[in-house]
Amino acid sequence: MPELCEVQIMTENLERWMVGQRVRSIEVVDDRLSHLKTAPTGIVNRVWRRAKYSIVELDDVSMVIHYRMTGQVVLEDENSRFVRVRWKLESGQSIGFMDPRKFGTVDVIANEVLEQWFKSKKLGQEIWPTVRDGAWWENVYTGVKSPLKTALLKQDRVVGIGNILASEFCFASGLTPFQATSSLTSEEWSRFGDAYYKRIEAILLEERSEKIGFLFEGAKNPDAFQVYGRQGESCPSCSDVIQKVQQSGRATYFCASCQPFES
DNA sequence: TAACTTGTTTAAAC
DNA sequence: TGTTTAAACAAGTT
């Protein structure tokens with residue numbers, strides 16, 4: 001479930017591993033990614049993130065990685081499993097795209113059309129590292145009536161928030177996930193603006209490493225997650241119990257005391 | 001075993 | 001038209 005924080009960390013890792021290095025060959029393991037067999041190799045000039053994508057930029061083309069549910073990039077070792085494609089570097093190192101459920105994608109896009117390619121995805125605005133204040137959030141969700149938590153998942157407004165961060169941000173700002181987005185006051189948006197950034201920073205701090213712990217089998221969610229996956233546990237800021245409900249077909253976690261809903 | 005998990009796209013509904 | 005919701009899809013885990 002890589003979202004903004006995890007994609008950011010994996011992008012930083014790819015940057016450290018690959019920039020300035022020559023990709024000597026690309027080894028396709030999963031035939032769904034056979035289009036990578038003919039992808040150009042060469043020096044990696046830049047690695048950057050947009051929304052939940054990592055972009056590995058060579059001279060003429062970029063490889064655009066989307067992790068979906070279970071994708072990860074790792075510096076391969078003997079423990080690497082579920083590798084669908086690997087990039088062999090001149091240094092001898094191998095970068096693997098591990099993806100057990102195979103939902104992830106790696107597109108090869110010519111640099112000259114990359115901007116257009118992203119434009120077709122109709123992606124919204126970034127919320128990190130640029131700090132967005134309450135007025136910005138209020139403005140970006142103008143005209144959105146759906147419940148707050150559902151609205152946060154709309155990638156055409158704001159990118160990077162997935163089902164985990166959506167619950168986390170609501171909790172951190174003391175807002176109910178069920179409130180109509182259009183009914184939030186400026187004061188509430190202001191609280192949201194203060195809270196979300198701190199949550200991202202805290203999660204980045206805890207998760208930043210060569211491997212994202214919670215993405216691996218059997219691993220526990222980070223302590224930095226305050227409500228996600230914690231149904232039945234006690235709320236970190238009061239004595240109430242964290243609840244889990246279905247909202248628009250997705251799991252939503254919240255504390256009814258800290259995030260009261262009065263309709 | 002079948003339900004559950006997710007981000008994204010498409011279709012349908014409002 | 002713009003917005004919202006539901007369904008569908010991928011495949012492995014429980």
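In what follows, chains carry the letters A, B, and so on, assigned in the order in which the sequence lines appear, proteins first and then strands, with residues in each chain numbered from 1.
Rounded to whole Å, the distance from CG on L152(A) to P on dT6(B) is 15 Å. Residue K52(A) contributes atom NZ, which lies 4 Å from atom P of dT8(B) at whole-angstrom precision. Put simply, CZ on F103(A) is 8 Å from C1' on dG12(C), counting in whole angstrom units. Separating the CZ atom of F97(A) from the P atom of dA10(C) is a distance of 17 Å, rounded to the nearest angstrom. The interatomic distance linking R50(A) (CZ) with dG7(B) (C1') rounds to 16 Å, in whole Å. In this structure, OH of Y67(A) is placed 15 Å from C1' of dG7(B), rounded to the nearest angstrom. Spacing between atom CD1 of I161(A) and atom C1' of dG7(B) amounts to 14 Å, rounded to whole angstrom units. When the P atom of dG7(B) is taken as reference, atom CD of Q72(A) falls 15 Å away, rounded to whole Å.
K145(A) and S182(A) form no side-chain donor-acceptor contact under 3.5 Å, judged by distance and modelled atom types alone.
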Please list each protein N or O that sits under 3.5 Å from an N or O in nucleotides 2-9 of chain C, with the distance.
unit_1	atom_1	unit_2	atom_2	d
dT3(C)	OP1	R157(A)	NH2	3.3
dT4(C)	OP1	K145(A)	N	2.3
dT4(C)	OP1	S146(A)	N	2.9
dT4(C)	OP2	K154(A)	NZ	3.0

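OP1 or OP2 of dG7(B) has not a single side-chain nitrogen or oxygen of Y53(A) nearer than 4.0 Å. Considering only side-chain N and O atoms, H66(A) lies under 4.0 angstrom from the phosphate OP1 or OP2 of dT8(B).
The nearest heavy atom of DNA chain B to R101(A) and to Q155(A) marks one nucleotide each, and the one closer to the 5' end goes with R101(A).
Residues Q93(A) and L75(A) form a side-chain contact, since some pair of their non-hydrogen atoms from C-beta on lies under 4.5 Å apart. Residues W189(A) and T181(A) meet the side-chain proximity criterion, which asks for heavy atoms closer than 4.5 Å. The shortest side-chain heavy-atom distance between K149(A) and S167(A) falls under the 4.5 Å cut-off. Two residues are said to be in side-chain contact when any heavy atoms from C-beta on lie closer than 4.5 Å; C235(A) and C258(A) meet this criterion.
Using modelled atom types, no side-chain atom of D60(A) and backbone atom of P40(A) make a donor-acceptor pair closer than 3.5 Å. Judged purely by atom type and a 3.5 angstrom limit, R46(A) has no side-chain atom pairing as donor or acceptor with the backbone of W48(A).
In this structure, E112(A) places its CD atom where only 12 or fewer heavy-atom neighbours from other residues, nucleotides or ligands lie under 6.0 Å away.
Where pairing requires Watson-Crick or G-U contacts shorter than 3.5 Å, the helical stems of DNA chain C with at least three consecutive pairs are B:2-14 with C:2-14.
Taking the ring centre of W117(A) as origin, the terminal cationic atom of K121(A) falls inside the region bounded by 6.0 Å and 45° from the ring axis.
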